[in-house]
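All remarks here apply to the structure that follows.
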Amino acid sequence: HSGVLVYRRPGTSTEYPFPRGYGLGQCRSHDLDRAPDCDGAEPPAWCSSLWCYVDANACTGASLMSTRYFPGLESLHYSYSTCIATPNSVQAWTEMGQEASRQLIALGEGYMRASRRQVEHTFADYQASASCTDGIDRSMCPCQECAPDTTWRTSVDFLQTGFLAGAAGVPADADRAKCLSRGIATTFLSVAGKEAIPNSRIGFQYFADQATGSLTQWPKTDWCPALAAGSYDPRKLSWYIAGATGPKDVLIMVDTSGSMTSHDRHLLAKEATKAILDTLTWKDFATIIHYNNLIADEYVGILQPVTDANKANMKDWIDNPSRRWAAGGTSFTVPIARAFEIIESSVSVAQSSMCQKVIMFLTDGDAPFDQSDFEDLRRNASEHAAFVFTYALGPQADTVKMKRMACENRGVFYKLDEYSDLSQVMSRYYEYFAYGQDWCLASFSPSYSFGRFQVLSACMSMYDRTKPTKSELLGVACMELDVLADIGQLRGEPGWDKFSCVASDMTKMCRHADLSECARQKI
């Protein structure tokens with residue numbers, strides 16, 4: 001406008017003036033101290049890096065990226081490697097004789113904070129304007145611009161971010177999800193342009209939106225999961241839940257009385273138990289208790305860390321054909337007492353996250369539970385920082401007792417029929433612990449993103465900070481650390497143990513959760 005280059009953040013009419021020669025003519029730190037992304041405290045590493053716009057047809061031997069600020073100009077590309085022989089931070093440290101692993105956390109956290117800032121500011125802008133025009137087709141289903149790549153073993157477009165619309169939410173949520181996607185694309189492209197070496201190293205960046213389940217990722221790939229059928233929802237995956245919540249102890253308590261054979265409730269319970277396990281990661285602890293009029297069976301009488309191996313063993317235990325899922329009567333007092341015995345035993349031998357305890361109590365029946373039993377439950381739950389979630393399945397389940405158990409112990413009560421999606425309802429317990437938080441640190445977790453080999457990712461949750469009350473979860477962003485470095489090589493550095501220790505301590509820090517009655521009603 002009027003001879004001035006203007007950038008407008010997605011979802012807002014606010015304009016940021018850029019110099020007319022921005023990115024042109026020479027290699028410079030064109031973004032240094034420049035709003036809206038590089039003018040704050042502790043700006044991301046790419047803000048101070050040298051770069052320039054390049055002619056993609058004439059530029060060979062250098063990595064390129066599509067413009068991050070002016071997506072309507074699809075032919076506009078920029079490059080860091082044209083200006084710097086080694087733009088990648090980790091390579092630069094290595095060439096200077098520094099141990100990159102010791103600096104990796106600060107680098108990764110800086111980029112994750114930049115992603116958070118983009119999402120949260122874009123959301124605030126959208127709330128004020130309720131409008132977001134993008135006009136760019138970034139759909140990955142299908143990806144018209146993607147080309148086969150032997151290293152990535154799929155069709156990829158490294159110049160762009162890709163988008164998959166989620167199946168949840170209302171039209172306004174879907175429009176907002178596109179806006180958030182366009183906002184975080186700015187950071188993803190900046191990080192990829194400076195740090196990624198896609199011709200030799202596989203590493204994704206991705207963001208999932210809480211309201212819709214939509215996914216944004218770099219690089220853009222040709223990928224069509226069954227979103228409409230609900231078979232793919234990133235909000236159900238362990239990387240998302242690990243980023244949205246802190247460590248926790250989970251006791252899955254399943255009624256296996258004879259009535260559970262009715263309408264195949266026992267089969268629903270089996271699948272729901274496995275769905276809950278899929279939400280847990282190495283920082284969590286869990287066990288499974290089957291009860292009828294007594295303790296019918298239990299996986300182990302002490303909480304177990306949910307490593308990949310232990311999770312597989314738990315699922316094998318669930319699927320063991322010799323295990324009975326429906327026999328006998330029903331007791332509530334016996335399994336509740338057993339739950340707190342396990343909690344006490346686990347804490348005494350440090351087999352616990354030492355954070356929140358979650359008792360997930362599923363029944364299809366009724367059993368005696370008098371005033372003194374409720375008082376004992378409240379006392380034990382308070383003493384052990386336990387939250388009680390209750391699930392009344394079918395018309396014979398005692399909804400009065402189940403609701404009181406949950407509501408008196410900071411939990412949530414669910415009434416379900418045999419046609420409800422029990423797995424989906426029970427596996428979404430994590431929303432309670434994500435709601436109302438305002439967590440500033442990244443968490444580091446191994447995961448199998450997009451069905452590939454195990455990778456190490458840094459994840460961070462993003463929040464709606466526009467309300468005067470507690471923040472609400474907007475979504476979770478993750479960056480696989482292979483975007484920054486060859487993690488296999490870094491493991492051989494003397495500083496790797498220090499990195500692992502610090503990353504583990506950050507990830508295992510407890511997060512406060514204590515929701516009001518109003519907030520629990522929303523869940």
Side-chain angles (χ1 to χ4, degrees), residues 1-89 110-111 113-115 117-122 124-126 128-129 131-138 145 157-161 178-196 218 220:
H1 300 307
S2 303
V4 177
L5 192 61
V6 170
Y7 166 65
R8 186 179 295 121
R9 193 198 298 269
T12 181
S13 59
T14 302
E15 295 182 342
Y16 299 90
F18 283 28
R20 191 168 184 176
Y22 175 77
L24 298 176
Q26 59 182 319
C27 293
R28 293 179 55 189
S29 300
H30 296 281
D31 296 308
L32 185 63
D33 298 327
R34 187 172 306 286
D37 298 320
C38 296
D39 57 332
E42 299 182 353
W46 51 264
C47 289
S48 59
S49 292
L50 303 176
W51 66 273
C52 66
Y53 287 122
V54 296
D55 182 349
N57 296 320
C59 190
T60 59
S63 60
L64 312 178
M65 198 64 56
S66 291
T67 174
R68 54 201 161 195
Y69 289 127
F70 311 107
L73 301 174
E74 297 184 13
S75 62
L76 186 61
H77 300 83
Y78 69 98
S79 173
Y80 290 98
S81 60
T82 295
C83 298
I84 313 171
T86 310
N88 177 272
S89 299
Y111 286 145
R113 283 195 297 269
S115 292
R117 182 183 182 190
Q118 277 288 355
V119 168
E120 293 179 352
H121 285 195
T122 301
D125 291 340
Y126 179 85
S129 67
S131 175
C132 187
T133 57
D134 188 338
I136 307 301
D137 181 13
R138 294 182 294 115
E145 305 83 7
D157 178 5
F158 298 116
L159 302 179
Q160 295 284 356
T161 58
K178 291 179 182 178
C179 202
L180 297 182
S181 174
R182 185 69 202 99
I184 201 169
T186 303
T187 300
F188 283 2
L189 291 173
S190 298
V191 174
K194 174 172 168 51
E195 306 289 0
W218 179 90
K220 186 179 184 181

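At distances below 3.5 Å, not a single donor-acceptor pair connects side-chain atoms of Trp51 with backbone N or O atoms of Cys27. The closest donor-acceptor contact from the side chain of Asp33 to the backbone of Asp39 lies at 3.5 Å or more, if one exists at all. Between the side chain of Arg117 and the backbone N or O of Pro36 there is at least one donor-acceptor pair closer than 3.5 Å. Between the Ser66 side chain and the Gln160 main chain, no donor and acceptor come within less than 3.5 Å of each other. In this structure a side-chain-to-backbone donor-acceptor pair under 3.5 Å is present from Ser79 to Thr82. Listed for the His121 side chain is no donor-acceptor partner under 3.5 Å among the backbone atoms of Val119.
Here the straight-line distance linking atom OG of Ser181 with atom CZ of Phe188 works out to 8.5 Å at 0.5 Å rounding. Atom OH of Tyr80 and atom CG of Leu64 lie 13.0 Å apart (nearest 0.5 Å). With rounding to the nearest 0.5 angstrom, the OG atom of Ser190 is 11.0 Å from the CD atom of Glu195. The distance from atom SG of Cys179 to atom OH of Tyr126, rounded to the nearest 0.5 Å, is 7.0 Å. Expressed to the nearest 0.5 Å, how far CG of Leu159 lies from OG1 of Thr67 amounts to 11.5 Å. The OG atom of Ser81 sits 9.5 Å away from the CE atom of Met65 when rounded to the nearest 0.5 Å.
More than 12 heavy-atom neighbours from other residues, nucleotides or ligands sit within 6.0 angstrom of CD on Gln26.
Between Tyr69 and Leu5 the shortest side-chain heavy-atom distance does not fall below 4.5 Å. Side-chain contact check for Ser89 versus Lys194: some heavy-atom pair is nearer than 4.5 Å. Within the 4.5 Å cutoff, no side-chain heavy atoms of Thr187 are placed close to those of Tyr111. No side-chain heavy atom of Thr161 sits less than 4.5 Å from a side-chain heavy atom of Lys220. At least one side-chain heavy atom of Tyr78 sits under 4.5 Å from a side-chain heavy atom of Leu189. Residues Phe18 and His30 have side chains not in contact (no heavy-atom distance under 4.5 Å, counting atoms from C-beta outward).
Between Cys52 and Cys83, the two SG sulfurs stay at or beyond 2.5 Å from each other.
Between Tyr22 and Tyr53, the ring planes lie perpendicular to each other; the angle is over 60°, past the 30° to 60° tilted range.
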